[in-house]
Amino acid sequence: MWNSMTGVDLALLEHKERISRLHEEARLVRELRQLFRARVGAYVFIRAEHPAQVIAQVRRIRGVVKADALQGSSEAIAVVEGASPERLEALIGRIKSLPGVLAAKSKLAA
């Protein structure tokens with residue numbers, strides 16, 4: 001009888017540990033979902049000597065969703081996203097520092 005009690009106790013302990021691990025995994029999944037949803041977006045208006053060349057560089061930057069040169073002008077526009085305002089600001093800083101960029105202004109997307 002003692003052995004069967006120990007077996008039941010062990011089974012209950014394993015069951016409780018498994019439930020605890022499942023709760024922890026569920027919490028991690030919720031946190032990851034929150035991180036992916038909490039992205040910050042902005043439009044970056046770029047003035048450049050050769051917009052098409054600058055946009056080719058901008059498109060290679062991680063976090064750039066879309067970038068296009070505007071026909072018949074020295075301007076281009078990029079849509080960017082970052083995981084936080086700080087990362088977004090760093091991304092915009094990278095765009096501003098590209099060769100050929102004369103000026104860049106950004107507006108946060110609502």
Side-chain angles (χ1 to χ4, degrees):
M1 187 165 204
W2 176 258
N3 288 341
S4 66
M5 290 290 287
T6 303
V8 169
D9 289 339
L10 287 175
L12 283 173
L13 181 61
E14 287 177 12
H15 181 71
K16 287 179 182 180
E17 288 174 356
R18 175 141 171 74
I19 288 174
S20 178
R21 283 193 308 269
L22 288 171
H23 282 293
E24 179 63 15
E25 288 175 15
R27 184 187 64 77
L28 290 172
V29 167
R30 283 191 303 275
E31 286 180 11
L32 286 171
R33 284 184 181 155
Q34 182 85 12
L35 283 174
F36 285 114
R37 272 187 257 142
R39 299 192 64 77
V40 182
Y43 294 92
V44 183
F45 302 93
I46 305 163
R47 194 165 44 87
E49 294 172 13
H50 303 285
Q53 292 173 0
V54 169
I55 287 303
Q57 297 173 62
V58 170
R59 287 178 179 153
R60 288 186 282 237
I61 299 173
R62 185 176 184 182
V64 173
V65 176
K66 184 170 176 57
D68 291 307
L70 302 177
Q71 188 73 27
S73 76
S74 62
E75 297 175 328
I77 189 167
V79 179
V80 298
E81 284 187 348
S84 67
E86 295 80 16
R87 288 191 181 176
L88 185 64
E89 193 60 40
L91 171 60
I92 294 167
R94 281 189 66 195
I95 292 172
K96 288 179 178 181
S97 68
L98 288 172
V101 173
L102 302 173
K105 292 184 180 181
S106 60
K107 300 285 184 184
L108 288 178

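Under a hydrophobic clustering in which Ile, Leu, Val, Met, Phe, Trp and Tyr are joined whenever their side-chain heavy atoms come within less than 4.5 Å, directly or via other members, Val40 and Leu91 fall into the same cluster. A continuous path of Ile, Leu, Val, Met, Phe, Trp and Tyr side chains, each step under 4.5 Å between heavy atoms, connects Leu98 with Leu88, placing both in one hydrophobic cluster. One hydrophobic cluster, built from ILVMFWY side chains closer than 4.5 Å, cannot hold both Tyr43 and Ile92; they sit in different ones.
Applying the side-chain contact (heavy atoms from CB on, under 4.5 Å) test to Ser73 and every residue at least two apart in sequence or in another chain returns Leu70, Glu75.
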Show every donor-acceptor pair shorter than 3.5 Å between a side-chain atom in residues 103-110 and any protein atom, with sequence neighbours excluded, or say none if there are none.
none

Return all side-chain donor-acceptor pairs below 3.5 angstrom for residues 50-61, not counting sequence neighbours, or 'none' if the list is empty.
unit_1: Arg59; atom_1: NE; unit_2: Ala67; atom_2: O; d: 2.9
unit_1: Arg59; atom_1: NH2; unit_2: Ala67; atom_2: O; d: 2.7
unit_1: Arg59; atom_1: NH2; unit_2: Asp68; atom_2: OD1; d: 3.1

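More than 12 heavy atoms of other shown residues, nucleotides or ligands fall within 6.0 angstrom of atom CZ in Phe45.
Residue pairs satisfying the salt bridge (charged side-chain N to carboxylate O under 4.0 Å, His left out) criterion with at least one member in residues 76-88, sequence neighbours excluded, are listed as follows: Arg39-Glu81. Listed by first and then second residue, the salt bridge (charged side-chain N to carboxylate O under 4.0 Å, His left out) pairs involving residues 14-27 are Glu24-Arg27, Arg27-Glu31 (not counting sequence neighbours).
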